Every structure is written in C-alpha cells, then in structure tokens.
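Report on the structure given below.
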Amino acid sequence: MASSSNRGGGYYGAAPYRSREGLSTRQGGTGSDEIQLRIDPMHDDEISGLRKQVRQLKNVASEIESEAKFQNEFINQLQMTLIKAQAGVKNNMRKLNKSILQSGSTHVLHVVLFALFCLMLVYFWAKFSTR
C-alpha cells in the first residue's frame, strides 16, 4: 500500500486527496503516528445506516443477555427442585427399608400361609372335582 493509487496512498504520509470510499487521510503532525480521517458528506447516509445497524445489534445483544439470565435462573430453580426431590426420595427409601426390616418376618409368614392356602384349594378342588 506504499505505492500511490486512487485509494489515497499508504497509511502514513498519505496524499490528502479524496479516496474512492469518500475518505481522505493526512498525517497528524510531524513525526506523529496518528492519522486523521475526514469523511465525505456524500457518505453520511451510509454512516447513519451503519449506526442504526449497530444500535439494532446492541438491542439484540441486550435481549440475548436478558434471556440468558432468565434461562440461568430457571435452570437454578430446576436444580433446586431436583435436589429437594432426590432428598425426599432418599428419605422415603430409608423409611421403606426400615419398615421392611421391621416387618420382614411377618411378611414371609404371610407369603407361606398364602401358598399353603393355594395348595389346599387346589388339592380340595382336584379331590372333589373327580367325583
């Protein structure tokens, strides 16, 4: 870009004539690394359009941020609900295991009595149905 072209030359020490894009450059001062830009008034509508688009992007970004915050709060509430549900299930399982251990022997007795009853029912049914 050091060669002189119709785009305004290089960055430093560029020619002060108007470039194709409507910008002209000149060196800020002697020995300075600054560049000054002058915007051609012909391109003001493009700049205002870009400003409008930047504003729209900022609005979209703020909407995305607020939605992300809402989603994070919702996820945190779900996690708390899940933790409470897990604690409740664990507590109920503990109570159920305790009651099974306490009444385990009577449970086995009930199963044995039911099996004997079923066997006697089948025996009597087979004995009286052959007559």
Side-chain angles (χ1 to χ4, degrees):
M1 288 206 106
S3 65
S4 178
S5 67
N6 61 350
R7 296 190 74 189
Y11 289 110
Y12 300 108
Y17 59 86
R18 190 168 149 232
S19 67
R20 183 180 296 173
E21 289 83 20
L23 301 174
S24 60
T25 60
R26 63 180 173 167
Q27 194 166 1
T30 33
S32 175
D33 288 340
E34 297 177 2
I35 296 175
Q36 295 179 355
L37 293 175
R38 280 185 281 164
I39 300 172
D40 190 2
M42 189 164 88
H43 298 283
D44 281 343
D45 57 341
E46 292 177 17
I47 292 171
S48 63
L50 288 174
R51 284 184 180 146
K52 182 180 177 184
Q53 288 178 348
V54 167
R55 247 183 274 120
Q56 289 174 343
L57 286 173
K58 284 181 181 180
N59 290 339
V60 168
S62 68
E63 287 293 324
I64 290 172
E65 180 184 12
S66 64
E67 181 67 24
K69 286 179 182 178
F70 174 76
Q71 294 293 333
N72 282 337
E73 289 174 8
F74 183 68
I75 288 172
N76 288 339
Q77 289 175 353
L78 284 177
Q79 285 177 336
M80 289 303 296
T81 303
L82 181 64
I83 288 170
K84 288 177 183 178
Q86 285 175 338
V89 167
K90 187 176 181 181
N91 190 23
N92 287 336
M93 287 296 293
R94 194 175 296 139
K95 287 179 183 179
L96 185 62
N97 285 337
K98 191 175 182 180
S99 71
I100 288 173
L101 288 176
Q102 287 175 351
S103 65
S105 58
T106 59
H107 177 70
V108 172
L109 179 65
H110 288 123
V111 169
V112 169
L113 288 176
F114 179 73
L116 285 175
F117 175 75
C118 289
L119 285 173
M120 290 190 63
L121 217 113
V122 169
Y123 173 76
F124 286 121
W125 180 75
K127 185 175 182 180
F128 290 116
S129 67
T130 56
R131 289 186 181 184

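Keep in mind that what you see is a predicted model, and the values were worked out from it rather than measured. These values consider heavy atoms only, across backbone and side chains, with no hydrogens, waters or symmetry-generated copies.
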Interatomic distance, [X] atom [atom1] to [Y] atom [atom2] [nearest 0.5 angstrom]:
X: L57; Y: I64; atom1: CG; atom2: CD1; result: 9.5 Å
X: N92; Y: N97; atom1: CG; atom2: CG; result: 11.0 Å
X: Q79; Y: Q86; atom1: CD; atom2: CD; result: 10.5 Å
X: K98; Y: K95; atom1: NZ; atom2: NZ; result: 9.5 Å

Under the 3.5 angstrom rule, does the side chain of N76 hit a backbone N or O of N72 as a donor-acceptor pair?
->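 Side chain of N76 to backbone of N72, a donor-acceptor pair under 3.5 Å: yes, one is there.
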
Side-chain contact test, heavy atoms from C-beta onward, threshold under 4.5 Å: evaluate it for K58 versus V54 and give yes or no.
->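 They are in side-chain contact.
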
Non-neighbouring partners of Y123 that pass side-chain contact (heavy atoms from CB on, under 4.5 Å), sequence neighbours left out |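 Here the qualifying residues are K127.
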
Among all residues two or more places apart in sequence or in another chain, which pass the side-chain contact (heavy atoms from CB on, under 4.5 Å) test with Q71?
->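 Per chain and number, Q71 pairs via side-chain contact (heavy atoms from CB on, under 4.5 Å) with E67.
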
Does V111 belong to the same Ile/Leu/Val/Met/Phe/Trp/Tyr cluster as L119, with side-chain heavy atoms less than 4.5 Å apart forming each link?
->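 Different clusters.
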
Short N-O contact, E73 and K69, less than 4.0 angstrom =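 Looking at K69 together with E73, the answer is no, because their closest N to O distance does not fall below 4.0 Å.
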
